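Side chains included, hydrogens not; waters and symmetry mates left out as well; all remaining heavy atoms used. The structure displayed is predicted, hence computed values, not measured ones.
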Amino acid sequence: MIRPAIAFALLCSPALAQETSLAGTDGTNSLGTIPCAANAGDPLKTCHAELRHHDDGTTTLAVGLGDGEVRSIYFTDGVPNSSSSASKLTYETRGDLMVIFIDPGEVYEIPKAALIRQ
């Protein structure tokens with residue numbers, strides 16, 4: 001019972017409350033929304049997302065981009081290391097927020113705390 005409350009608190013920090021939301025969790029996996037942009041120059045929009053923590057310590061973030069397209073971003077120890085795109089992936093940390101860039105113009109924002117397995 002405490003895990004859903006922790007997940008909700010992590011995904012809904014005050015700085016991100018207008019964009020990030022949590023629809024449900026089973027204590028390990030979470031469904032909700034995150035800010036994202038699918039194309040260079042696009043403003044950030046709200047995208048449906050699923051965060052899955054795996055037993056081996058890795059995490060997968062699956063983000064719905066619209067038109068049935070899903071971008072998967074793979075993390076090890078809370079650090080993004082690859083995606084379902086063949087394009088270059090980079091990231092930066094802005095306070096409690098991780099911003100992920102996939103060339104040529106995809107952008108994803110996620111609270112760093114959400115990547116920590118509880």
Would you confirm whether Lys88, through its side chain, and Pro104, through its main-chain N or O, come within 3.5 Å as a donor-acceptor pair? no
Minimum heavy-atom distance between Pro80 and Met98, given as atom pair plus value: CD-SD, 3.5 Å
Is Ser30 close to Arg52 at the side-chain level, that is, under 4.5 Å between some pair of heavy atoms? no
Can you get from Val79 to Ile102 by hopping between Ile, Leu, Val, Met, Phe, Trp and Tyr side chains that sit under 4.5 Å apart? yes
Atom SG of Cys36 and atom CD of Glu106: how far apart are they, to the nearest 0.5 Å? 8.5 Å
Scan residues 59-70 for pairs that pass salt bridge (Lys or Arg N to Asp or Glu O under 4.0 Å), counting only residues two or more places apart or in two chains. Glu69-Arg71
Criterion side chain to side chain contact (heavy atoms under 4.5 Å, CB included) against Leu89, the qualifying member of Ile100, Asn81, Asp103: Ile100
Could I get the full list of side chain to side chain contact (heavy atoms under 4.5 Å, CB included) partners for Asp77, not counting sequence neighbours? none
Okay, side chain of Ser85, backbone of Ser87: is any donor-acceptor separation there less than 3.5 Å? yes
Of Val99, Leu44, Ile73, which meets side chain to side chain contact (heavy atoms under 4.5 Å, CB included) against Tyr108? Ile73
Just how far is it from atom CD of Glu109 to atom CG of Leu97, taken to the nearest 0.5 Å? 5.0 Å
Quick one: do Ile34 and Thr46 satisfy side-chain contact (heavy atoms from CB on, under 4.5 Å)? Show the steps, please. CA-CA 6 Å; Ile34 64 167; Thr46 300; over 6 Å; no
Non-hydrogen side-chain atoms of Ile110 and Leu51 separated by less than 4.5 Å: yes
Verify side-chain contact (heavy atoms from CB on, under 4.5 Å) between Thr93 and Lys112, making sure each step is shown before the conclusion. CA-CA 8 Å; Thr93 300; Lys112 291 187 310 183; 3.3 Å; yes
So which atom in Tyr91 and which in Phe101 form the shortest heavy-atom distance, rounded to 0.1 Å? CA-CD1, 4.3 Å
Can you give each donor-acceptor pair under 3.5 Å made by side-chain atoms of residues 56-66, sequence neighbours left out, with the distance rounded to 0.1 Å?
{"from": "Asp56", "atom 1": "OD1", "to": "Thr58", "atom 2": "N", "distance (Å)": "3.0"}
{"from": "Asp56", "atom 1": "OD1", "to": "Thr58", "atom 2": "OG1", "distance (Å)": "2.6"}
{"from": "Thr59", "atom 1": "OG1", "to": "His53", "atom 2": "ND1", "distance (Å)": "3.0"}
{"from": "Thr60", "atom 1": "OG1", "to": "His54", "atom 2": "NE2", "distance (Å)": "2.9"}

